[in-house]
Structure formats: C-alpha cells, structure tokens
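This report concerns only the one structure given below.
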Protein chains: 2
Amino acid sequence: MYTTPDLVERGGANAYLRGCASRSALDLLANKWVCLVVGALSPGPMRFGALRRRLDGITQKMLTRTLRDLERAGVVERTVYPTTPPQVEYALTPLGESLCGLMDSILGWAEEHMEEVEAARARYDERVSLPVDPLPRDAPARR
Amino acid sequence: MYTTPDLVERGGANAYLRGCASRSALDLLANKWVCLVVGALSPGPMRFGALRRRLDGITQKMLTRTLRDLERAGVVERTVYPTTPPQVEYALTPLGESLCGLMDSILGWAEEHMEEVEAARARYDERVSLPVDPLPRDAPARR
DNA sequence: CGGCATCCTTATGGATACTG
DNA sequence: CAGTATCCATAAGGATGCCG
C-alpha cells in the first residue's frame, strides 16, 4: 500500500474538492496534447511547423489552441520574428520547465508499464467475452 | 533549459509517434477522473459510495465508467462482497500503486505552481483586452 | 448500495477554405 | 508560415429512472 506522510497530509479532509489546486491543475494538465506539447518543447524552443511535424497527428487547430492555452497559463512563451514568411517560436517558460520532470516521469512510466496494461486489457476482454463461468463458492467473488 | 540524457534518448527521433507507449499512456492517464480516482485510492481500498463522496462532483456514470476502464487496464481491482445491500470495494493493484508517485507529483506541482498559473492567466487576459499598445520597435515582438 | 439504460446537451476535435 | 474562420461529426458527460 502506498502512503507517505505528505500524501496523508494533502490527500486528507478536502483534497479533490471542486475548486482546489489539484482540480485546476488537472483541468490544465490532464490533457493529451498539453502533455505532448510540453514534452516536445522540453529539449528547447521550437517553431510552429516543427512542433506540428513532431507531434504526429495533431491538427493545426488543436496545436494552435493548445499553445494558446499554455501561453495564457504562463507555461510557454510565444515569440514572433517579423520576417517574411513569419516565424513563430515557442519555448517553455521557467514555469513550463518545472513540468518537465513530471512529463518525463509519465514517459518513463509508459515505457515501463504500458505492456502490462495492454496485457491486462487483453485478459479482461477475454474474461468478459466468456460464458458465465461458475466460480468456486467461497470468499469474495472477483470479476 | 531542461535536458537529461534520458530525455534526449527517449524524446529523440520518434517519441510521440501515433502508436507509441507515450501516446497510449496519455490516452489512459491524461484524464481528470482517472487521476483523481487513482489519487483517492492511494491511501487504501474504498467502496463505491465513499469514492463518490470523496470525488466531489463526479456523477455515478462517470465514476462507474472510470472504474471500469481502470479495472480493464489492470490499475484497480474490483471486489464484490455479496451481502445485502451489496458492497463493492475498489483497490489499487500493484500496477496501480506504481502510479501513486506520479499522482503525488502532480498534486505537489499543483500546490506549488497553480497560483502562478492563475496569475499568468490574469495578466494574459489583461493584456489581450487592452487596446493596441504600440510596442517599442526593436527586436522580437512578444505578445 | 451499486449499478445499467436512456435521453439529451455540450464540448471536443477533424476537415476545409481563406489570409497577412 | 502561421495562423483564423466555418462547418460538421462524434464523443464526453449530465439528468433521470429503474433494477437486483
């Protein structure tokens, strides 16, 4: 079981309440594109087009919207070089850089555990597609 | 600037590609309720109703769906005690517990930086609602 | 108590076309 | 190049009612 004094402290009474820091942070961070953009900018500033190519599959619309949200939140900084054609470069602010560790942890967890997740899903789908298998009639039933 | 050998290694060439581990992990984890549920279960197993009360504002539908997804992914385990009325208890699996550190980091980041985010948003909204302020005409313009 | 089923509204996000 | 604007399909998610 996972517990730390800190978690007990923070997770106690009214963590997870509607307006608290964790909730608003998750409103910002619990977003696929946000995480990917921050991750992509970790190594250094990047132009719009480069970001788009790096984040395979993102549409121009979603990239623009995500970058605006992050700029507004103070996580990225947008610099326009008034050349022709225009160049727009995005970089993490110090606040944005404070997220890199987090994003890196997610990446690490992904590579360490996603296979296990896939396997669990396969087992689950296997089980639910089975006919009613009569479990042994002792202690708590697990589906 | 944030760089680690690891990040350069992992974030190189084709991280963030469509089918890779990071993408599927984000499909699972970049979800408000998923994070909150894992966080809520960190201290120990909890019954459905307790979870619902703890996660202020979640609907029964979303809680059920989230728990099913997590059960399928092997992150939580569902145990039914066939009493009347029925009791259903949810607990993190070892895989689920491997996420606690991550969730805790997010909580920590939130409490450390969300005020700064709010402030940045206020400044941003201030700036964009201003009339066209003529910037000094030197190097790169920042919006 | 812990769901599932249904209806319905809103948000998300893709495709496409146009612009400085 | 780096957007903005528009339209449209689908998904997310809330409200409500019923059930074992």
Seminar exercise, completed: With sequence neighbours left out, the residues meeting side chain to side chain donor-acceptor pair (under 3.5 Å) with A:T64 are A:Q60

Between [N] and [X], is there an OP1 or OP2 to side-chain N/O distance shorter than 4.0 Å?
X     : N      : answer
A:R53 : D:dC1  : no
A:R68 : D:dG3  : yes
A:T64 : D:dG3  : no
A:T59 : C:dG13 : no

For this session: Go through the N and O atoms of the side chain of A:Q60 and the base of D:dC1, and report whether any donor-acceptor pair is under 3.5 Å.
Result: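 No, the side chain and the base share no sub-3.5 Å donor-acceptor pair.
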
Nearest-Å distance, [atom1] ([X]) to [atom2] ([N])?
X     : N      : atom1 : atom2 : answer
A:L55 : C:dG13 : CG    : P     : 13 Å
B:M62 : C:dG2  : CE    : P     : 18 Å
B:L67 : C:dC4  : CG    : C1'   : 15 Å
B:L63 : C:dC4  : CG    : P     : 11 Å
B:F48 : C:dC1  : CZ    : P     : 11 Å
B:Q87 : D:dG20 : CD    : C1'   : 16 Å
A:R78 : D:dA2  : CZ    : P     : 10 Å
A:D69 : C:dT12 : CG    : C1'   : 12 Å

For this session: Identify, between B:Y90 and A:P85, the residue whose nearest nucleotide on DNA chain C lies closer to the 5' end.
Result: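 So the residue in question is B:Y90.
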
Exercise. Toward the 5' end of DNA chain C, which comes first, B:R52 or B:K61, by nearest nucleotide?
Worked result: B:R52

Student check: side-chain heavy atoms of [X] and [Y] closer than 4.5 Å:
X      : Y      : answer
A:V88  : A:R47  : no
A:R78  : A:E89  : no
A:M114 : A:W109 : yes

Seminar exercise, completed: Overall bend of the helix from C:dC1-D:dG20 to C:dG20-D:dC1 (five pairs an end, 10° steps) is 50°

Problem set entry | NZ/NE/NH1/NH2 to OD/OE distance under 4.0 Å, B:D56 and A:R23 |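 No, no charged N to carboxylate O under 4.0 Å.
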
Problem set entry | Test: A:E126 and A:R123 ion pair at under 4.0 Å |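 No, no charged N to carboxylate O under 4.0 Å.
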
For this session: Report the residues that fulfil side-chain contact (heavy atoms from CB on, under 4.5 Å) with B:V76, sequence neighbours left out, ordered by chain and then residue number.
Result: B:L41, B:L70, B:E71, B:Y90, B:L92

Exercise. What nucleic acid atoms does A:R47 come within less than 4.0 Å of, heavy atoms only: base, sugar-phosphate, or nothing?
Worked result: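 Here A:R47 touches the backbone only, sparing every base.
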
